[in-house]
Amino acid sequence: MDVDSDVGPAGPGAGPRARPNPIRKLASDVIIHRPSNAVKELVENALDAGSTSIKVTVKDGGLKLLQISDNGHGVNRADLALLCERYATSKLAAFEDLQTIATYGFRGEALASISYCAHLEVVTKTQTDTCGWKAQYSDGELKSEPRPTAANDGTTVSAEDMFYNMPLRRRAFRSASDEYARILDVVSKYAVHNPHAGWVCKKAGSALADVSTPAGSNAKANIGLLYTPALAAELLQVPETEFPNLGAKVRGWVSNANSNWARKGGWLLFINNRLVDSSKIKKAIDGLYTAYLAKGASPFVYLSLELDPKTVDVNVHPTKSEVHFLREDEVIDAVVGAVDKALAHANTSRSFTVQTLLPGADTFVQRDAATRPKPAPNYKVRMDPANRTLDSMITVVAPSQISGYDERPTKRRNVDPSADVQLVDETPMWNAPKDDQEVGESVCEFTSIDELRRAVHKRASPDLTETIAKHAFVGLVDRVMCLALIQHQTRLLLVNHAAMGDEHFYQLGLRQFGALGRLQLEPAPALSDLLRLAAEDEPLADHRLGVDEVVDKCTALLMSKADMVDEYFSLSLADGKVSSLPLLLKGYTPNLDRLPHLLLCLATRVDWDDEKECFEGVLREIAFFYSPRPFDEDEEEDPDEAAHQAWQLEHVLFPSFRRTQWPRTMSTDVSQVANLPDLFRVFERC
Ligand code: ADP
Ligand code: MG
C-alpha cells in the first residue's frame, strides 16, 4: 500500500463520524503528570470520535489553559453525567474487549484524571442534538446539570489551571515554553500519523498557529510542514509490509543515509495508532543506522506498527508510554529488516542531497566523506551584503519605488474605502539607512519588561543569530507563501520572512518599549469604525455576540487602556480616533489593511490583567500586524502595493534582520536548500 495516498490509520478513529456509543464503567488508574500527557489523551479521544479537524489551544504551557476542539461525533447529553467518572468509557462492553479494542483509549480514565487536577469544562453537540451542552466537572463529578449552549457539532474540552490544587507539581515545571514545546511535539507527531485530519496547535492569543496542517493531507507532506521541507524531500518510504506469522504490519518514512536530524523529536513510533516508546525498537533502528550514518549523526524515523492487540501488553500504565509485546525480538527484527530494505534500495540510486540547516551548522554529513571533492578554487560566494541581488540583476520592479528612495512621497493606503487615510512617518525624511539601523534599548523600570528582554537573550540561538547577521539577501521567492532566499557562506537558505518578521518586530517593540516613534494617521479613523470592519470580517468563533456588541465591548475596553497604550506603545486612541501607531522600524510601513484586525486582536486576545502577559501580548500583536504577509490570499493585490512591499522587504527589513537575536525555535523557518560544494559535486558529474 502506498502510504502517500493513505489518509490515516485504518482504526475506527479514521472512519466517518458515527453515533457515539453509550458510556459504561470499568477499572484501574491514570495520572496526568504534565499538560502534554493530557494533550495526548484528549487528542486521542478526538480521533476516536472520528474528527477530521482538531484544534489545540494552549496558554502558559497548558497550565493556565488547555483546550482541544474537535468536529467528532460528540457526547450524548445523557452520558455527560458519567463522562468523568473513573472507568467510564464508551469504548468497550466487557473486559474481554480490552483485548481487541482498536481505538486508542481503552481505560476510561483520562477525563476523570484531568477533572481531579484541573477545572474541566466540556462543550459538546452530536449531529442529532438541536443545541450543544456545556458541562463542568470537578473530582470526577458534574458540578451542576449541563446547560444548553450554542455549539458546532463536536466537542471542546477545556482544562484550566492544571494542578491548581497541587502546588508542588505546579512548581516543578521549569517553564511554560518548555512544556509548550512538548505539546507541540505530541501534536506534530499525531498530525503526521493522522494526516486525514486537519490540525492546529497554537498559543491562546496568538494569531499564528505553530502547528497547522490541512485535512486530507498525507504523512510525508505533514512532515514537510511540521519539521522541515528539506527533511521531507529526502525521506525514504518504508512501504507497508506484513508479517502474517507474527501478526504484525509496519510502514513509515525514514531519513536517508546522508542526512542528520540533529534536533530532538525525530523519533515517531506508533503502535496500534498510539504514540509510544519502545527503547528496544529504538535501539535496534539506531543500530541499523550506524552502518549508514556518519558518527554522531542521527536519523529521523516515523514508524507505524500494527500488532494483534491481543499480543500488546494492555496493562502498561498509559502515561508510561513504554510498551512491550509478545515475540518482541522477532517483531523487531522484522521491522529493522523493512527499514534496512528502504535504506539499501535508496543508497544505490541517489546523488544529490538537501540538508536542513541545523544550529551548529556545518553538520553536512556525508557517509563517504573521504571521497568528497576538495573545495574548488572557483567558488564564487557572494558574501558582501552590499552585493547585488537577484532582483537588481534581472529587472527593476516599479522604478518609482527605488529612484524615489530619498524623497519618496508619503504612501497612501485605504483602511476604509470611505475614508482616505494617509500614513505619515514622523521621521522627517525617508532616508532609511542604506544598511541596518541600530535600535537602542529604552530605559525602563518595569521588571516584566526586563524579564521579557532577558528571555529574548536566553532563547537566542547563537548559530542562527550569527547566520542571519552575516546573510546576503538573494531574492524573494514567493510573497504569498512568505518565502525568500538568503545566502550564508556557501549555503543557500530558504526562509519564512513572515515568521521572522513576527519575532523581529516583537524584539524591536520590546527594545523601544515606552520610547517608540509614531506613525501619524491623517485623518485619524474612528476606533469603532475600524473594529466594525474587523468584526464583520472575522468569523467570530462562537456567535454569542453580535457585531454591534463586539464593537461596543472592544471599543470600551481599548478606550479604558488608552493612556497606557499611548504612553508605552505610542498607539494613540484619543477621542476614540486612532491617530498614531507605533513606529517600530524607520522606513518600514506596515500594511494598513490589517489595522482593523490588529485592533480587534488587541481587544480580544491580550490578557490585560497581568502586566507581563499584557505587555508581551500587545507587542506580539503589533509585531504580527507589522510583519510582511499578504492581507488576503484570495484578493487581487494592487501591483504598486506589492512592489512597495517587496522593495521594503529587501531594502529595509532584511538588513534590519541582521540585528535580531534569533530564537532556537526559529530554525524551523530557515532551511538549507543547497550547499555550494554539493552543487559542484552534482555539476561535476554532468
Ligand atoms: P476512554 O477514551 O478511555 O474511553 P476517557 O476518559 O478518555 O476514556 O473518555 C471517556 C469517554 O468520554 C470516552 O469513552 C468517550 O465516550 C467520551 N469522550 C471523551 N472525549 C470525547 C470527544 N472528544 N468526543 C466524543 N466523545 C468523547
Ligand atoms: Mg481516552
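Both counts, for ligands and for their atoms, begin at 1 and track the order of listing.
For ligand 1, the polar-atom distance check against Asn45 finds a nitrogen or oxygen pair separated by under 3.5 Å. In terms of polar-atom proximity, Leu111 is counted as a contact of ligand 1, with an N or O under 3.5 Å from an N or O of the ligand. Not a single N or O atom of Val75, backbone or side chain, sits closer than 3.5 Å to an N or O atom of ligand 1.
Electrostatic pairing of Arg620 and Asp502 does not count as a salt bridge here, judged by no charged N lying under 4.0 Å from a carboxylate O. A salt bridge between Lys125 and Asp153 is present, with a side-chain N of the basic residue lying under 4.0 Å from a carboxylate O of the acidic one.
Of all the heavy atoms of Ala49, the ones lying under 4.0 Å from any atom of ligand 1 belong exclusively to the side chain. In Asp70, the part holding a heavy atom less than 4.0 Å from any atom of ligand 1 is the side chain.
More than 12 heavy atoms of other residues, nucleotides or ligands sit less than 6.0 Å from atom CE of Met166. The 12-atom threshold is exceeded at NZ of Lys189, counting heavy atoms of other residues, nucleotides or ligands nearer than 6.0 Å.
Close approach to Ala110 involves these atoms of ligand 1, each under 4.0 Å from a residue heavy atom: 6 (O), 7 (O).
Taking a 4.0 Å cut-off on heavy atoms, Gly74 registers as neighbouring ligand 1.
Taking the six-membered ring where tryptophan is involved, the planes of Phe270 and His193 are essentially parallel, since the angle between them stays under 30° and well short of 60°. Using the six-membered ring where Trp is involved, His119 and Tyr164 have ring planes that are parallel, under 30° apart on the 30 and 60° scheme.
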